[in-house]
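Taking it in order: structure first as structure tokens, then the write-up.
The sequence lines fix the lettering, A, B, ..., with proteins before strands; numbering per chain opens at 1.
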Number of protein chains: 2
Amino acid sequence: MQKKKVTTSKDIGERIKERRKELKISQEELAEILGVTYQQVQRYENGTNKLNVENIQRIANALSAPLSYFFEVYKMPVIAEEQAHYATPAENKLLRHFRKIRNSNSQNIVIQIARLAAKSD
Amino acid sequence: MQKKKVTTSKDIGERIKERRKELKISQEELAEILGVTYQQVQRYENGTNKLNVENIQRIANALSAPLSYFFEVYKMPVIAEEQAHYATPAENKLLRHFRKIRNSNSQNIVIQIARLAAKSD
DNA sequence: AGTTTATACACTTTTTTTGTTGTATTTGTC
DNA sequence: GACAAATACAACAAAAAAAGTGTATAAACT
């Protein structure tokens with residue numbers, strides 16, 4: 001009877017970091033989604049602290065990955081791979097700023113400016 | 001954007017109890033495998049305490065069940081359109097316009113406006 | 001060149017998890 | 001019914017996880 005091996009918190013943490021970077025999400029953004037501090041995200045990624053069964057699910061959702069992605073050898077389907085490179089650097093930059101705008105009116109103004117810039121291009 | 005639900009510790013606990021009884025394993029036996037007290041197993045089954053990502057795997061192994069047995073099994077495969085919704089509707093709208101801007105200077109101006117809007121938010 | 005952002009890491013305090021101990025209740029067996 | 005094993009649950013102390021705070025460094029951006 002072989003003893004089944006357990007994926008360690010360290011392994012899971014590395015997988016999280018890897019995936020997070022693919023999606024160009026900062027530790028802070030991920031932390032916000034989880035409702036923890038970004039320092040805590042660092043501890044998860046380092047394997048210093050152990051994720052509980054609820055937070056690993058939240059991370060999986062935030063990173064658009066199935067749970068199995070973090071526990072076993074898993075290759076993301078092609079469609080997700082494309083998604084990772086979907087936005088160009090400029091687009092990512094734009095989004096990073098845009099997401100910090102809380103006021104939806106301000107958001108709309110930015111959208112309108114983008115629209116007009118496109119129109120007169 | 002639908003909010004994906006998380007399987008709670010209580011739900012997982014109930015599933016553990018259910019499976020353990022199927023296999024006629026006592027709390028104490030399970031506790032030994034985990035290296036915790038049987039009182040702790042009770043707390044897991046009750047959902048009083050949260051399992052960490054390593055112990056849930058040990059439980060899955062001990063109960064000869066896949067990890068997915070304890071979490072929500074079904075997750076509709078994500079299609080391309082939804083996957084693109086890693087960005088919110090507002091973000092997608094912004095990107096649609098932004099991508100039509102050929103002139104990179106104009107692009108940068110839009111980025112700067114977004115940046116300033118975020119800053120003064 | 002100066003500034004912001006992201007990341008890393010260490011230290012202290014608060015919160016949660018776990019062990020320990022104890023008692024009560026249920027379940028199965030004779 | 002009597003007995004033993006399994007389960008439930010509660011209270012307290014110890015250990016681990018997490019928050020909060022601070023500093024440092026490198027990379028990205030202006």
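One can place NZ of K21(A) at 14 Å from C1' of dA28(D), the figure rounded to the nearest angstrom. L34(B) places its CG atom 16 Å from the P atom of dT17(C), with the value rounded to the nearest Å. Between the CG atom of L116(B) and the P atom of dT30(D) there is a distance of 10 Å, given to the nearest Å. dA18(D) atom P lies 12 Å from atom CD of E54(A), rounded to whole Å. Rounded to an integer number of Å, the gap from L30(A) CG to dT7(C) C1' is 14 Å. When rounded to the nearest whole Å, the span between CD of Q40(B) and C1' of dA10(D) equals 14 Å. Taking atom CG of residue N55(A) and atom P of nucleotide dT16(C), one finds them 13 Å apart after rounding to whole Å. In this structure, the CG atom of L51(A) is 17 Å from the P atom of dT16(C), given to the nearest Å.
Side-chain N/O atoms of K93(A) include one lying less than 4.0 angstrom from OP1 or OP2 on dT30(D). Proximity of Q42(B) to the phosphate of dT7(D): no side-chain N or O atom is located under 4.0 Å from OP1 or OP2. For the OP1/OP2 pair of dT7(C) and a distance below 4.0 Å, the side-chain nitrogens and oxygens of R20(A) include at least one atom meeting the criterion. Note on T37(B): every side-chain N or O is 4.0 Å or more away from OP1 and OP2 of dT18(C). For Y44(A), no side-chain nitrogen or oxygen approaches OP1 or OP2 of dA17(D) to under 4.0 Å.
In this model, no side-chain donor or acceptor of E28(A) finds a partner on the base of dT7(C) within 3.5 Å.
Taking the side chain of Q27(B) as heavy atoms from C-beta on, and the options dA8(D), dG19(C), dG22(D), the nearest nucleotide is dA8(D). Set against dA8(D), dC9(C), dA18(D), the side chain of N46(A) has dC9(C) as its closest nucleotide. If you check dA17(D), dA6(C), dC29(D) against the side chain of S26(A), the one that comes closest is dA6(C). Taking every side-chain heavy atom of Q39(A) into account, dT21(D) is the closest of dA8(D), dT21(D), dC9(D).
Other residues, nucleotides and ligands contribute at most 12 non-hydrogen atoms within 6.0 Å of the CD atom of E28(B).
With E91(A) contributing its side chain and T88(A) its backbone, the two residues share a donor-acceptor pair below 3.5 Å.
As judged by a 4.0 angstrom heavy-atom cut-off over every strand, K17(A) is placed among residues touching the sugar-phosphate backbone only.
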- Message: With side-chain hydrogen bond (donor to acceptor under 3.5 Å, both in side chains) as the criterion, how do E72(A) and T7(A) come out once you've worked through the C-alpha distance, each side chain's angles and the decisive distance to 0.1 Å?
- Response: CA-CA 7 Å; E72(A) 37 189 85; T7(A) 305; over 6 Å; no
**Report entry** Stepwise side-chain contact (heavy atoms from CB on, under 4.5 Å) check, L94(A) with F98(B)
**Finding:** CA-CA 9 Å; L94(A) 177 65; F98(B) 185 78; 3.4 Å; yes
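Summary of the strand contacts: N52(A) and I111(B) both lie near DNA chain D, and taking for each the nucleotide with the nearest heavy atom, the more 5' one is attributed to N52(A). Nearest-nucleotide assignment on DNA chain D puts the 5′-proximal partner with R43(A), out of R43(A) and Q112(B). Annotation: of the two residues near DNA chain C, R96(A) and Y38(B), the 5′-most nearest-nucleotide partner is R96(A).
Screening K10(A), K17(A), R20(A), R15(A) against E45(A) for a side chain to side chain donor-acceptor pair (under 3.5 Å) leaves a single residue, R20(A).
Side-chain contact of N55(B) with R58(B): a donor-acceptor pair under 3.5 Å is present, judged by distance alone. A donor and an acceptor atom, one from each side chain of E54(B) and T8(A), are nowhere located under 3.5 Å apart.
Defining each end axis of the helix from dA1(C)-dT30(D) to dC30(C)-dG1(D) as the rotation carrying four pairs' C1' atoms onto the next four, with five pairs an end, the two axes are found to diverge by 50° to 10 degrees.
The two residues A118(A) and K100(B) have their closest heavy-atom pair at CB-CB, 3.7 Å.
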